[in-house]
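Both ligands and their constituent atoms are indexed starting at 1 by order of listing. Computed over heavy atoms, backbone and side chain alike; hydrogens, waters and symmetry mates excluded.
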Amino acid sequence: MATSKMLRFVTVERQTPEKRDAVARKEDFGEIYREFAAERAAEQAGRCSQCGVPYCQSHCPLHNDIPDWLRLVAEGRLQEAYEVSQATNTFPEICGRICPQDRLCEGNCVIEQSGHGTVTIGAVEKYITDTAFEEGWVPRIAPHAEREESVGIIGAGPGGLAAADLLRRAGVQVTVYDRYDRAGGLMTYGIPGFKLEKDVVMRRNDQLAEGGVEFRLNTEVGRDITFDEIRDTHDAVIVATGVYKSRELDGDNHDAGGIVRAIDYLTASNRKSFGDDVPEFDSGELNAEGKRVVVIGGGDTAMDCVRTAIRQGATSVKCLYRRDKANMPGSQREVANAEEEGVEFVWLTAPAGFEAGSAAAMKGGVALGPGAVAEEGEGIATAHRVVSGVTVQRMRLGEPDATGRQAPELIEGADYVEGADLVIKALGFEPEELPTLWSRPELEVTRWGTIKADFRTHETPLDGVYAVGDIVRGASLVVWAIRDGREAAEAILERFGALNRVIAAE
Ligand code: FAD
Ligand code: SF4
Ligand code: SF4
């Protein structure tokens, strides 16, 4: 219901939280947007026209009750806004920070169509839950009663954690297995701190652990424990392992030193931010400092790499993408942020191969220095080629392909060499072959290698085994993983005959 505090989009202009100056923010890995002040959040929330049919809500994967919490913020009823917000979203403060709102909720806000800027939904969502944590309104996870059933969750990313949260609140015994030493999945080791500060993720990990979720970290399923052991231990299992196999490049010298995968590069940088010992970073192998960096790809991972390289002190950072700016998959907001920070985009270009010099011998991935003599033996690389440039082909956009996007076509004879000391491949991710790795051929996969699961319950053809997030969807978004995790948890609670009790208790 609209009140006098609402419908102010005609008189109040859209404002996002203040962005830190590009020069200052290049110096650290802190988030680039400042927090909304209370009055500003209320003012911006009051721009909402309280639509009867809110398109923002229908385009939010979690169907968040956006108009309701905007009204409550505008009226200064923040704690109630928090209650409404957390009812549909397990990690609202994370989605508020990193959802591509321009493609989801905000991109479908109707007031934009009337010539006014969209309501700043994401920033207000983040503000509500950050404030709730500060004010102590976020309670401990405390089930009304313990249940006997247990669920094993493989993968501590947003999909697995969202399921863990709902199941634990219902009193189910939950164990989360992850091969990494910290929970959070790509929110911890993929997405850089300038988009999502790590203490925001660790705060949620702590909340789950304090609420009774058992974390078995440093445990890789298929190596340290078998999938069958997990199935035998629990009444239901959720597979939430994400997608980590990087798409690779061919061409001359594609295996030269200095050509690295985006996930390795970003993980090393994130680990460094935690203060971990990272030999590949300290050796310079995964550190852009003082280097001419070329990043290949046009998605959000590429954007995160270029902006990380800037912060590490690269002498230049160029991003090669085979289509043009209008046709790139990455968020335009992130491209703008990267350009402000000094990244150069080279549109309509693709790598044909690499130039490499025999600069330094390598031992265990560490350069031994120019002129060092390599020896045969354990850990000693015999090929001492280190990248010195990328052979770049120029492209033009041709006819639309099956997906409706214009396909890039090669311009013959227009190749040139772009000098580079570090090349980062950010061409996307594919699923690992889980049925083979886990010796479970019945775990059916699609032709893209993703696990087949029911789109509503997320149950796979294996009884009691569910799958959620990127391992089902292919590389996707945190918000979709959260939705899958919540839906799978509900399906499991239904299986245990526990769903009605949870709804009644809420
Ligand atoms: P993941 O987050 O990948 O978590 C899977 C977990 O499973 C990992 O912790 C992994 O260690 C564990 N695991 C895998 N195999 C095993 C095994 N065999 N045994 C035990 N554990 C295992 N999305 C957004 O919404 N906004 C963004 O800004 C954004 N930026 C991104 C930036 C980068 C660089 C990348 C790579 C992705 C980004 N994404 C973004 C996508 C988003 O991070 C993913 O869609 C989301 O994390 C998927 O969640 P998930 O739970 O399915 O898997
Ligand atoms: Fe928008 Fe994402 Fe929040 Fe939904 S979860 S309201 S899409 S920012
Ligand atoms: Fe408010 Fe925009 Fe959603 Fe309408 S579409 S309810 S104006 S946020």
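When only non-hydrogen protein atoms are considered, atom 27 (C) of ligand 1 lies nearest to I98 O, 3.6 Å. Looking from atom 32 (C) of ligand 1 to the surrounding protein, the closest heavy atom is D304 OD2, 3.0 Å. The protein heavy atom nearest to atom 3 (Fe) of ligand 2 is E125 OE1, 2.2 Å. The shortest contact between atom 14 (C) of ligand 1 and any protein heavy atom is with T241 O, 3.2 Å. G155 CA, 3.2 Å is the protein heavy atom nearest to atom 7 (O) of ligand 1. The closest protein non-hydrogen atom to atom 25 (O) of ligand 1 is V478 N, 3.0 Å. Looking only at protein heavy atoms, the nearest one to atom 2 (Fe) of ligand 3 is C109 SG, 2.4 Å. Regarding atom 1 (Fe) of ligand 2, its nearest protein heavy-atom neighbour is C105 SG, 2.3 Å. In terms of protein heavy-atom proximity, atom 35 (C) of ligand 1 is closest to T301 OG1, 3.7 Å.
Taking only nitrogen or oxygen atoms, main chain and side chain alike, D470 reaches within less than 3.5 Å of ligand 1. Looking at K195 next to ligand 1, an N or O pair under 3.5 Å apart turns up. For ligand 1, the polar-atom distance check against L186 finds a nitrogen or oxygen pair separated by under 3.5 Å. Residue-to-ligand polar distances keep A481 apart from ligand 1: every N/O pair is separated by 3.5 Å or more. Backbone and side-chain nitrogen or oxygen atoms of S476 are examined, and one is located within less than 3.5 angstrom of a nitrogen or oxygen of ligand 1. For a threshold of 3.5 Å applied to N or O pairs, the pair formed by I191 and ligand 1 contains no separation below that value.
Within a 6.0 Å radius of CD in Q332, more than 12 heavy atoms belonging to other residues, nucleotides or ligands are found.
A salt bridge is absent between K195 and E31; no separation between the charged side-chain nitrogens and carboxylate oxygens falls under 4.0 Å. A salt bridge links K325 with E339: the closest approach of a Lys/Arg side-chain nitrogen to an acidic carboxylate oxygen falls below 4.0 angstrom. With salt bridges taken as basic N to acidic carboxylate O contacts below 4.0 Å, one links R440 and D228. A salt bridge links R169 with D165; the closest basic N to acidic carboxylate O contact falls under 4.0 Å. The pair R311-E289 fails the salt-bridge criterion, with no side-chain N (NZ, NE, NH1 or NH2) lying under 4.0 Å from an Asp/Glu carboxylate O. For D264 and R261, the salt-bridge test passes: some basic side-chain N is under 4.0 Å from an acidic carboxylate O. No salt bridge links D68 with R77; every basic N to acidic carboxylate O contact stays at or beyond 4.0 Å. In this structure, E210 does not pair ionically with R168, as no charged nitrogen and carboxylate oxygen lie closer than 4.0 Å. Salt-bridge formation is detected for the pair R473/D484: a Lys NZ or Arg NE/NH1/NH2 atom is positioned less than 4.0 Å from an Asp or Glu carboxylate oxygen. Contact check on R20 versus D28 returns a salt bridge, with a Lys/Arg side-chain nitrogen under 4.0 Å from an Asp/Glu carboxylate oxygen. Ion pair R231/D463 not flagged as a salt bridge, since none of the NZ, NE, NH1 or NH2 atoms sits closer than 4.0 Å to an Asp/Glu carboxylate oxygen.
Counting atoms of ligand 1 from 1 in the listed order, those under 4.0 Å from a heavy atom of A240 are 5 (C), 6 (C), 7 (O). Residue-ligand proximity, Y244 to ligand 1, at heavy-atom distances under 4.0 Å covers atoms 1 (P), 3 (O), 4 (O), 5 (C), 8 (C), 10 (C). For ligand 2, the atoms lying closer than 4.0 Å to a non-hydrogen atom of N64 are 3 (Fe), 4 (Fe), 5 (S), 6 (S). Under a 4.0 Å criterion applied to the non-hydrogen atoms of T219, ligand 1 contributes the atoms 19 (N), 20 (C). Atoms of ligand 2 lying under 4.0 Å from any heavy atom of V479, numbered from 1 in the order shown and given with element: 5 (S). Atoms of ligand 3 found under 4.0 Å from any heavy atom of C51 (numbered from 1 in listed order, with element): 4 (Fe), 5 (S), 6 (S), 7 (S). Which parts of ligand 2 touch I66 is read off a 4.0 Å heavy-atom cut-off, strictly below it: atoms 6 (S). Numbered from 1 in the order shown, with element, the atoms of ligand 2 that lie under 4.0 Å from a heavy atom of C99 read 2 (Fe), 5 (S), 8 (S). Those atoms of ligand 1 with a heavy atom of G242 less than 4.0 angstrom away are 3 (O), 5 (C), 53 (O). Of all the atoms in ligand 1, the ones that sit under 4.0 Å from a non-hydrogen atom of G185 are 2 (O), 4 (O), 8 (C), 9 (O). Annotation for ligand 1: atoms under 4.0 Å from non-hydrogen atoms of G157 are 2 (O), 4 (O), 6 (C), 51 (O). Contact atoms of ligand 1 toward G469: 52 (O) (distance under 4.0 Å to a heavy atom of the residue). Interface atoms of ligand 2 facing L104, defined by a heavy-atom separation under 4.0 Å, are 7 (S). Counting the atoms of ligand 1 from 1 in the order shown, those under 4.0 Å from a heavy atom of G159 are 51 (O).
Residue T188 places every heavy atom at 4.0 Å or more from ligand 1.
T90 pairs with exactly one of R483, R204, R486 by the side chain to side chain donor-acceptor pair (under 3.5 Å) rule, that one being R486. Y265 pairs with exactly one of E280, E285, Q312, K425 by the side chain to side chain donor-acceptor pair (under 3.5 Å) rule, that one being Q312.
For the residue pair E125/N89, the side-chain donor-acceptor check at 3.5 Å is satisfied. Between the side chains of R40 and Q15, at least one donor N or O sits under 3.5 Å from an acceptor N or O. For the residue pair H63 and Q57, no side-chain donor N or O sits within less than 3.5 Å of a side-chain acceptor on the partner.
In the candidate list R223, M187, R179, R179 is nearest to atom 13 (N) of ligand 1, counting heavy atoms. The closest non-hydrogen atom to atom 7 (S) of ligand 3, taken over C56, C60, S49, A45, comes from S49. Nearest-heavy-atom check against atom 17 (C) of ligand 1 across I153, I238, D178, V221 picks out V221.
At a 4.0 Å heavy-atom cut-off, ligand 1 touches L266 through the side chain alone. If you look at C95 next to ligand 2, the close heavy atoms, those under 4.0 Å, come from the backbone and the side chain alike. If you look at F429 next to ligand 1, the close heavy atoms, those under 4.0 Å, all belong to the side chain.
At distances below 3.5 Å, not a single donor-acceptor pair connects side-chain atoms of D470 with backbone N or O atoms of V243.
If you look at Y180 and Y189, their ring centroids are closer than 6.0 Å.
When distances to atom 1 (Fe) of ligand 3 are checked against a cut-off of 2.8 Å, C48 contributes an N, O or S atom below that limit.
Relative to the six-membered ring of F194, R25 misses at least one condition, a distance below 6.0 Å or an angle of at most 45° to the axis.
Relative ring orientation between H59 and Y55 is described as tilted, the plane-to-plane angle lying within the 30° to 60° band.
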